[in-house]
Amino acid sequence: MWDSLLNGKNYTCTFVNKNKKGELFYLNSLIIPVKVNGKISRFVDLSRDVTKEIRHLQTIENLSNIYATLSEINQLLVYEKKEEAIFNKITEILIKYAKFKIAYVALTDENNNFYIGASSFENPSHQVFLDFVSEQFNILKTQDNDKFNLDRFPFFKSVKNKRVYIINDANTKDLRPFNAEAAKIGMRSCCSIPIIKKNKSIGAIVALSDKANFFNKNIYELLKEITLDINYALDNIEAQRWRDIVMLAIDRNENLIGVMDRNFRLVYVNEAVEKITGFTKDEVIGKHHSIFSSKTHSKEFAINFYKTLTSGKIFSDVITYKTKDEKFFSALVSIVPFIENNQIQYYVSIAKDISKEKTLYEKINYLTNFDALTNLPKRQAFIDYIERFIKRAEIENKIGAIAIINPINFGNINKAYGFEFGNELLKKIAERLGKIVRQIDIVAKLDSDKFAVLLKDLSFEEDSLVLMVNIIKVLCDDYNINGTIVKLSFNAGVSLYPKDSKDPKVLLQKAEIAVSDAKEKGEGALGFYRQEVEDSAKEKLSLRYNITKALSNKEFLVYYQPYFDTKTKKIIGAECLLRWKKGDKIIPPLEFIPFLEETGLILNVEEWLKNEIAQSISLRKNKIPISINISPISFKQKRFIDEIASIINLYSIDPSLIVIEMLERTFIEDLPYYKVFLNSLKSYNIKLALDDFGTGYSSLSYLSELPFDYIKIDISFVRKMLFDSKAKSIVETIIYLSHNLGIKTIAEGIENKEQLDMLEKLGCDAMQGFLLSKPITKEEFDRLIGE
Ligand code: C2E
Ligand code: MG
Ligand code: MG
């Protein structure tokens, strides 16, 4: 300045001065050197107060700087996702663009202590100021805050009130002790911008300028905007952070988590889905969720699944899924519909693989229900088996036996040979039992050495005796345990379903009683819960044995009783009647047929009889029809018709020569079934006769529905009709009605001429009885018909 002035040149400059109040004011000076006699004698100072203009210009510059700052900060907030980096860069921006000299971020920690989180300086030596601030924070920590009146400081006010504070003149006592320190390095104004995260102050950004009156209203507004932007960015970062944390929890979750769109196509699956199913994300995303379907669920299950979910409700159940390599696994699944704008957009599925639990459950279940040593069902499981059998047996009319089998003195074996040996022996017993019972039967182990058997689907009670005798016999065979031979004897007790009870537990109790009764009887005894059952079973067994022997010894014979045409008096057929020749004695059928029926042996006998008759028909030149009496039991056998058909085939006989006689009681219980049955028999051209008509239900109504060729009027009517007018009119009606239906009538048991005459008069078609011929042997019959 002086150089140019002394050289006589004008000097212009702006002076910054301070008034009394310490405020700055600006003077634009024009200093002119005034020369007198060629010598500078004085200077004229033409100064103008330009404080206002300068302030205005400064403000415009500051404002545009702050705009630039805001724009930089906003760019920063868009790309920077880390809080720490944001704070660092903001302080840099404040220095670079807003032209602050010092900028720092002070943050509060969880104990409400303050610390410097980031800082920038135009001049690195200003670090001293920041050190001072840090020091003060440490001191403040130990001060009584109320006394110290922290609210004096813009920084604390910002934090407390979540507002921007500005100080246009830092040199105020209010800011002690910071003002002196700021003054030292020429700082004149400052601002504090709160840092707000999730509606909570976590600190503030403090910026210091070396210019006084740096801030005006517009800048203040922009700083407020910066506050909001930072707040928004921090909230977003925080939200994103939480999303990342939650996503990690979902991705790494050991449960299978998936999201499906509203068409049940997969849009997301977590790592557990990949791990457990073996599919990669790429393989399943975009695919329908049925890619995991095991197809083991019912149609109803699927309907309920879709119905629940599409109606916006949560679906929870155990679902069996299929892995990529076609293995099944069970999962406890909960699927939640995600609704947006009143519409289901997604389904979120969380499934817990419970295969391990299921296997464990099955294992526990197995150990509770099955004996670990022998793998046989234990008591409760055995009771369940009985219960299931009873349910079915009730419908199918089957008999069952529950037997308890107890090795005698097993304790002694353990004592003598040790437990290991005893266990091996028990295993062997279990094995033998498993092999000897029929496929349908159940073997169980009730207690330490107590076995049980459920014998199912018995036709006759005594069958249980046969099976049990056999079981015990096999069990009593020698046992070889590692070269040591052991002999065992057993006691067994039997209770019968339905005779003894229909309750599984009661049946088991009764079998226990029976076995303890058997023990009293002595070693190797087999006892039934009811003595009479045992007795009759034994009796029936011996009869059965005899009858089987009779069949093989050819003790059964067929007698023939011819029947005659009423008009021509010629033989038009013969009824075969069974006889049992026991030694010299001929036993009539009524004495053994009921027993044959009860024991089912009638099937064997009639099978033999049918063959016998078919054979003799085929051998005769005289083709005379033969009537065979068939028991109701035989008709119940599904293979009856097939058997008849194959016999006709085998002996190449005319089927119309076979007349099957059946009793009313046979079909009265199930008329619809017999309608079909008899019609299919008729389709083979076999003749049908209704035997003993009048003794049973005597219902004439069904006659029109069933395809009978003959009705046999029972002997009782033939006997009564001579003196009983009612009986006579019944016979008359039977004959009249039969003729109407195209059925022929045969009268049974004609013993005298009067009966013969009356029947002839009433129009009966054929006659049978002792008057005409008694039942005769086959040889006699053949002779009679001229064979
Ligand atoms: P059913 O079929 O009504 O046979 C007629 C029965 O009356 C025969 O008795 C016969 O000997 C007897 N009888 C015939 N004429 C006279 C008579 O003039 N006076 C008297 N008092 N009786 C006469 P049987 O042979 O003792 O047979 C009795 C029943 O045994 C038969 O009655 C029939 O229901 C049944 N039966 C015979 N053989 C068989 C067979 O092979 N299978 C089946 N399921 N039942 C048979
Ligand atoms: Mg008969
Ligand atoms: Mg009869």
Side-chain angles (χ1 to χ4, degrees), residues 250 253-270 272-279 281 283-366 368-370 377 380-398 440 442 456-457 504:
I250 293 170
N253 201 293
E254 63 171 19
N255 291 318
L256 301 96
I257 301 174
V259 180
M260 294 169 278
D261 66 12
R262 74 175 90 111
N263 298 316
F264 292 94
R265 276 187 305 246
L266 291 150
V267 293
Y268 166 80
V269 292
N270 72 347
V273 173
E274 291 187 302
K275 204 174 118 198
I276 295 167
T277 68
F279 286 107
K281 281 187 185 174
E283 283 171 325
V284 295
I285 299 295
K287 299 272 165 58
H288 193 259
H289 73 138
S290 57
I291 191 167
F292 301 124
S293 169
S294 64
K295 300 200 174 69
T296 53
H297 293 282
S298 66
K299 209 172 151 197
E300 291 71 43
F301 183 91
I303 291 171
N304 180 42
F305 175 90
Y306 288 113
K307 213 168 124 193
T308 308
L309 286 173
T310 51
S311 62
K313 287 189 214 118
I314 296 173
F315 178 87
S316 302
D317 209 332
V318 173
I319 299 183
T320 305
Y321 288 115
K322 194 180 68 182
T323 64
K324 192 179 176 184
D325 55 1
E326 313 259 310
K327 288 199 182 94
F328 289 167
F329 68 95
S330 299
L332 184 64
V333 187
S334 186
I335 304 177
V336 187
F338 177 79
I339 298 166
E340 214 175 39
N341 304 328
N342 274 336
Q343 211 190 6
I344 297 171
Q345 304 287 3
Y346 295 103
Y347 296 101
V348 180
S349 164
I350 301 172
K352 181 173 165 43
D353 178 5
I354 54 164
S355 303
K356 271 189 206 137
E357 284 89 337
K358 226 179 142 193
T359 325
L360 193 69
Y361 173 78
E362 276 160 11
K363 217 170 175 177
I364 291 170
N365 193 33
Y366 187 84
T368 345
N369 288 309
F370 290 84
Q380 187 51 48
F382 187 58
I383 289 173
D384 292 345
Y385 277 116
I386 302 174
E387 201 167 311
R388 258 174 278 159
F389 163 69
I390 288 176
K391 269 194 193 134
R392 186 171 56 80
E394 254 174 352
I395 300 162
E396 294 178 8
N397 248 329
K398 292 278 163 56
I440 51 166
I442 303 290
K456 296 185 194 168
D457 295 1

- Check the pair Val259, Phe338 against side chain to side chain contact (heavy atoms under 4.5 Å, CB included), reporting the backbone distance first and the verdict last. CA-CA 10 Å; Val259 180; Phe338 177 79; over 6 Å; no
- Evaluate the side chain to side chain contact (heavy atoms under 4.5 Å, CB included) criterion for residues Ser349 and Met260: first the C-alpha distance (whole Å), next the side-chain angles of each, then the deciding distance (0.1 Å), finally the verdict. CA-CA 8 Å; Ser349 164; Met260 294 169 278; 4.1 Å; yes
- Task: Please lay out, stage by stage, how Ser334 and Ile314 fare under the test side chain to side chain contact (heavy atoms under 4.5 Å, CB included).
- Result: CA-CA 7 Å; Ser334 186; Ile314 296 173; 3.8 Å; yes
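Rounding to the nearest 0.5 angstrom, the gap separating the CD1 atom in Ile350 from the CG atom in Asn253 is 7.5 Å. To the nearest 0.5 Å, atom NZ of residue Lys456 and atom CZ of residue Arg388 are 8.0 Å apart. Separation of atoms CG (Asp325) and CZ (Phe279) is listed at 9.0 Å; rounding is to 0.5 Å. One finds the CZ atom of Phe329 at 6.5 Å from the OG1 atom of Thr277 (value rounded to the nearest 0.5 Å). Considering NZ of Lys313 and NZ of Lys307, their distance stands at 8.0 Å, rounded to 0.5 Å. To the nearest 0.5 Å, the span separating CZ on Phe264 from OG on Ser290 amounts to 11.0 Å.
A heavy-atom distance below 4.5 Å is not found between the side chains of Tyr347 and Val336. When side chains are defined from C-beta on, Phe292 does not count as touching Thr323, because their heavy atoms never get closer than 4.5 Å. Proximity of Leu309 to Ile335: side-chain heavy atoms (C-beta onward) are separated by under 4.5 Å at one or more points. A heavy-atom distance below 4.5 Å is found between the side chains of Arg392 and Asp457. By the 4.5 Å heavy-atom criterion applied to side chains, Pro504 and Ile390 are counted as neighbours. Using a 4.5 Å cut-off on side-chain heavy atoms (C-beta onward), Thr310 and Phe305 make no contact. Using a 4.5 Å cut-off on side-chain heavy atoms (C-beta onward), Asp353 and Leu256 make contact. Counting heavy atoms from C-beta outward, Lys275 and Glu254 have side chains that stay 4.5 Å or more apart.
The two residues Phe382 and Pro377 make their nearest non-hydrogen contact at N-CB, 4.4 Å. Of all the heavy atoms in Phe301 and Asp317, the pair that sits closest is CE1-OD2, 3.5 Å.
Counting heavy atoms of neighbouring residues, nucleotides and ligands inside a 6.0 Å radius, atom NZ of Lys358 does not exceed 12 of them. Annotation: Gln345, atom CD; neighbour count of heavy atoms from other residues, nucleotides and ligands within 6.0 Å is above 12. Under a cut-off of 6.0 angstrom, the local environment of NZ in Lys281 is crowded, with over 12 non-hydrogen atoms contributed by other residues, nucleotides or ligands. Remark: Tyr361 OH is loosely packed, at most 12 non-hydrogen atoms of other residues, nucleotides or ligands lying under 6.0 Å away.
Judged by distance alone, with hydrogens and angles left aside, the side-chain atoms of Asn369 form a donor-acceptor pair with the main-chain N or O of Asn365 at under 3.5 Å. Side-chain N or O atoms of Arg265 include none that pairs as donor or acceptor with a backbone N or O of Lys287 at under 3.5 Å. The closest donor-acceptor contact from the side chain of His297 to the backbone of Ala302 lies at 3.5 Å or more, if one exists at all. For Asn341 (side chain) and Gln343 (main-chain N/O), no donor-acceptor pair under 3.5 Å exists by modelled atom type. Between the Ser294 side chain and the Thr320 main chain, a donor and an acceptor come within less than 3.5 Å of each other. Remark: side-chain polar atoms of Asn270 are paired, donor with acceptor, to backbone N or O of Ile257 under 3.5 angstrom.
In the model, Asp384 has a side-chain atom that pairs as donor or acceptor with a side-chain atom of Gln380 under 3.5 Å.
In this structure, Tyr321 has its ring center no closer than 6.0 Å to that of His289.
Each of Ile319, Val318, Thr359 was checked for a side chain to side chain contact (heavy atoms under 4.5 Å, CB included) with Ser330, and the lone residue meeting it is Val318.
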